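First comes the structure, then the notes that go with it.
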Amino acid sequence: MPPPPAVDGEVRGWQTDRSRAPHATKIVVAGGFGVGKTTFVGSVSEITPLRTEAVMTVAGESVDDATAIPEKETTTVAMDFGRITLESDLVLYLFGTPGQKRFWFMWDDLVRGAIGAVVLVDTRRLADGFPALDYFESSGLPYVVAVNRFEGTRGYATEDVREALCVAAHVPVLTMDARERVSVVDTLLALVGRALDDTPV
């Protein structure tokens, strides 16, 4: 009996060949408040990203310090979600975490089942990256550090950022731009490589 046709009538190789079935992989994008996680997911997602953003209000000024990013008007209150196909048989599902401390309780659920994480940092506020770094160090989940380039900010060598954040030598530290698809893809590829290196044979 022939296999059933795909929706568009074409039978694809991975539908009949188990060795070519697509692998769905979960990746977490974490970091401090306003560091570019929503932009990161949105710039690379091949679907319309799911966003749970709320308008920042005066009532939140006492809990969300936005002095370094006064132009920020919305904030993620649950997660961002997107999808990208890197190869014909490798699909990445991206989950962006909320950055504010009051939403950290959600991280355990968002991280469950992930192969690794991208920790975004802003050189203007490096200290905001420590909670995410501590979280993934303690959980043992592979991660890479991605320095998000913001317009008008001073550039730093990745080794200087590594030293400032006390990141171990085996953890990749990259410089990227969350607005540029190619830059984001390169960061994801670096994470996938790190996760594969850490996977037991």
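Predicted model only: the values in this text are computed from it and were never measured.
- Residues I115 and L86 share a single hydrophobic cluster, defined by chaining ILVMFWY side chains whose heavy atoms lie under 4.5 Å apart.
- Take R181 and apply the salt bridge (charged side-chain N to carboxylate O under 4.0 Å, His left out) test, not counting sequence neighbours, and it matches no residue.
- Interatomic distance, L94 CG to S45 OG, rounded to the nearest 0.5 Å: 7.0 Å.
- Within the 3.5 Å criterion, the main-chain N or O of L110 finds a donor-acceptor partner in the side chain of K26.
- Side-chain contact, S183 with D177: no donor N or O sits under 3.5 Å from an acceptor N or O.
- Side-chain atoms of T153 come within 3.5 Å of backbone N or O of F150 as a donor-acceptor pair.
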Item to check | CA sep, side-chain torsions, deciding dist, call: R83, V91, side-chain contact (heavy atoms from CB on, under 4.5 Å) | outcome: CA-CA 7 Å; R83 184 190 72 198; V91 179; 3.5 Å; yes

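- Side chain of K37 to main chain of G32: a donor-acceptor pair is present (N/O by atom type, distance under 3.5 Å, no hydrogens or angles).
- Residues meeting the side chain to side chain contact (heavy atoms under 4.5 Å, CB included) test with L191, sequence neighbours left out: I27, V118, V144.
- Formation of a donor-acceptor pair under 3.5 Å by the S139 side chain with backbone atoms of Y135 is found in this model.
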Item to check | Check against side-chain contact (heavy atoms from CB on, under 4.5 Å), D122 and D128 | outcome: CA-CA 8 Å; D122 178 353; D128 291 354; over 6 Å; no

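- With rounding to the nearest 0.5 angstrom, the CG atom of L189 is 8.5 Å from the CG atom of L90.
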Item to check | Audit row: V28, Y143, side-chain contact (heavy atoms from CB on, under 4.5 Å) steps and yes/no | outcome: CA-CA 9 Å; V28 173; Y143 68 93; over 6 Å; no

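- Looking at T39, its side chain never comes within 3.5 Å of a backbone N or O of R179 through a donor-acceptor pair.
- Criterion: ILVMFWY side-chain heavy atoms under 4.5 Å apart, direct or through other members. Under it, F130 and V161 are part of a common hydrophobic cluster.
- For the salt bridge (charged side-chain N to carboxylate O under 4.0 Å, His left out) condition, the pairs that include at least one residue of residues 152-169, sequence neighbours left out, are E159-R162.
- Remark: side-chain polar atoms of N148 are paired, donor with acceptor, to backbone N or O of V35 under 3.5 angstrom.
- Residues in residues 134-145 take part in no salt bridge (charged side-chain N to carboxylate O under 4.0 Å, His left out) pair, two or more places apart or across chains.
- Of all heavy-atom pairs between S43 and A178, the closest is OG-O, 2.8 Å.
- Using modelled atom types, one finds a donor on one side chain and an acceptor on the other under 3.5 Å when comparing T85 with E46.
- Proximity of V184 to M176: side-chain heavy atoms (C-beta onward) are separated by under 4.5 Å at one or more points.
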Next on the checklist: Between V119 and F136, is the side-chain contact (heavy atoms from CB on, under 4.5 Å) condition met? List the steps.
Outcome noted: CA-CA 9 Å; V119 177; F136 294 115; 3.7 Å; yes

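- Taken to the nearest 0.5 Å, the OG1 atom of T97 stands 11.5 Å off from the CG atom of D108.
- A single hydrophobic cluster is not seen to contain both V192 and V182; linkage of ILVMFWY side chains at heavy-atom distances under 4.5 Å, directly or through other members, places them apart.
- Here T123 contributes atom OG1 and R149 contributes atom CZ; the two are 11.0 Å apart, rounded to the nearest 0.5 Å.
- One distance of note links OH of Y156 with CG of L126; it measures 8.0 Å at 0.5 Å rounding.
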With a cut-off of 3.5 Å and sequence neighbours excluded, list every side-chain donor-acceptor pair involving residues 165-175.
residue, atom, partner, partner atom, Å
H170, NE2, R194, NH2, 3.4

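- Of all non-hydrogen atoms in L141 and A114, the two that sit nearest each other are CD1-O, 3.2 Å.
- Every ring-ring contact (aromatic ring centres under 6.0 Å, His included) that F95 has, sequence neighbours left out, goes to F81.
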